[in-house]
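Beneath this line is the structure, given in structure tokens, with notes to follow.
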Amino acid sequence: MLSDKNHSDKHDLMNQSIENRKAVWSVIAQIPYGKVATYGQIATLAEIPGHARFVGHLLANLPEDSSLPWHRVVNSGGRITNPNSLAQAARLEDENVSCRDNRVSLKMHHWKL
DNA sequence: TGCCTGACTTACA
DNA sequence: CTGTAAGCCAGGC
């Protein structure tokens with residue numbers, strides 16, 4: 001039926017949205033200790049290329065008790081754009097990832113590439 | 001419904 | 001290196 005198809009489409013879109021979130025979280029969880037990844041690459045690895053901003057949105061709404069290594073995510077230039085850059089920089093330093101002026105060396109610490 | 005904003009990115013001046 | 005512009009997505013008002 002038509003109404004059923006319509007309902008089914010919405011259902012699929014919602015499920016896809018949920019799957020995308022799970023995919024992003026999964027990728028971030030795989031970033032190894034002492035390494036960092038960019039929002040864009042995370043989106044690509046999560047099979048949703050071009051959705052870097054979506055990744056940032058998820059991290060911004062991440063629960064505080066989350067076990068995800070959110071501090072290992074930086075922008076394409078290796079810069080920390082997290083509003084709470086202090087906490088992120090501190091966490092990275094704890095992993096021996098130098099980040100002066102909220103910037104890390106992707107050349108040295110980028111995961112893959 | 002439309003417009004603005006934000007933990008983005010790439011391209012170009 | 002700084003500023004603009006365009007593209008992308010979700011939320012808030």
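Any value given below was found using the heavy atoms of this structure, including those in side chains, with hydrogens, waters and symmetry copies removed. Here is how names work: the chains are called A, B, and so on, in the same order as the sequence lines, proteins then strands, and each is numbered from 1.
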Among B:dA7, B:dT10, C:dC9, the one nearest A:F54 by side-chain distance: C:dC9
Gap between atoms CZ and P, on A:R72 and B:dA7 respectively (whole Å): 22 Å
Closest to the A:H51 side chain, choosing from C:dC1, B:dC8, C:dC9: C:dC9
Side-chain N or O of A:T81 closer than 4.0 Å to phosphate OP1/OP2 of B:dG6: no
Aromatic ring pairing A:H57/A:F54, orientation class (parallel under 30°, perpendicular over 60°, tilted between): parallel
Euclidean distance, atom CD of residue A:E47 to atom P of C:dC9 [Å, nearest integer]: 16 Å
Shortest non-hydrogen contact between A:Y33 and A:D94, atoms and distance: OH-O, 3.3 Å
Integer angstrom distance from the C1' of B:dA7 to that of C:dC13: 22 Å
Value in whole Å for how far the C1' atom of B:dT9 lies from NE2 of A:H110: 13 Å
Euclidean distance for C1', C:dG7 against B:dG6 (whole angstrom): 15 Å
Gap separating the NE2 atom of A:H110 from the OG atom of A:S105, nearest 0.5 angstrom: 10.5 Å
For atom CG of A:L58 and atom P of C:dG11, their distance in whole Å: 9 Å
Nearest to side-chain heavy atoms of A:H57, which nucleotide of C:dC9, B:dT9, C:dA10: C:dA10
Inter-nucleotide C1' distance (C:dG12, B:dT1), Å rounded: 14 Å
Sidechain-backbone polar pair: A:H51 side chain, A:I48 backbone, donor-acceptor under 3.5 Å: yes
Side chain of A:S76 - closest among B:dA7, C:dC8, B:dT10: B:dT10
Between B:dC8 (C1') and A:Q88 (CD): distance, integer Å: 14 Å
Nearest-Å distance for atom pair CG/P, residues A:L59 and B:dG6: 17 Å
Candidate nucleotides B:dA7, B:dT9, B:dG6, ranked by approach to the side chain of A:T38 - the nearest: B:dT9
Protein-nucleotide distance (A:I48, atom CD1; C:dC9, atom C1'), rounded to Å: 9 Å
Residue met sooner reading DNA chain C from 5', once A:R53 and A:N61 are mapped to nucleotides: A:R53
Nearest-Å distance once atom C1' is located in both B:dT5 and C:dC8: 14 Å
For atom OH of A:Y39 and atom P of B:dG6, their distance in whole Å: 14 Å
Side-chain donor or acceptor of A:E95 paired with backbone N/O of A:R72 under 3.5 Å: no
A:N82 side-chain proximity, nearest of B:dA7, C:dC8, B:dT9: B:dA7
Options C:dG11, B:dA7, B:dT9, nucleotide nearest the side-chain atoms of A:W70: B:dA7
Any donor-acceptor N/O pair, A:E93 side chain to A:C99 backbone, under 3.5 Å: yes
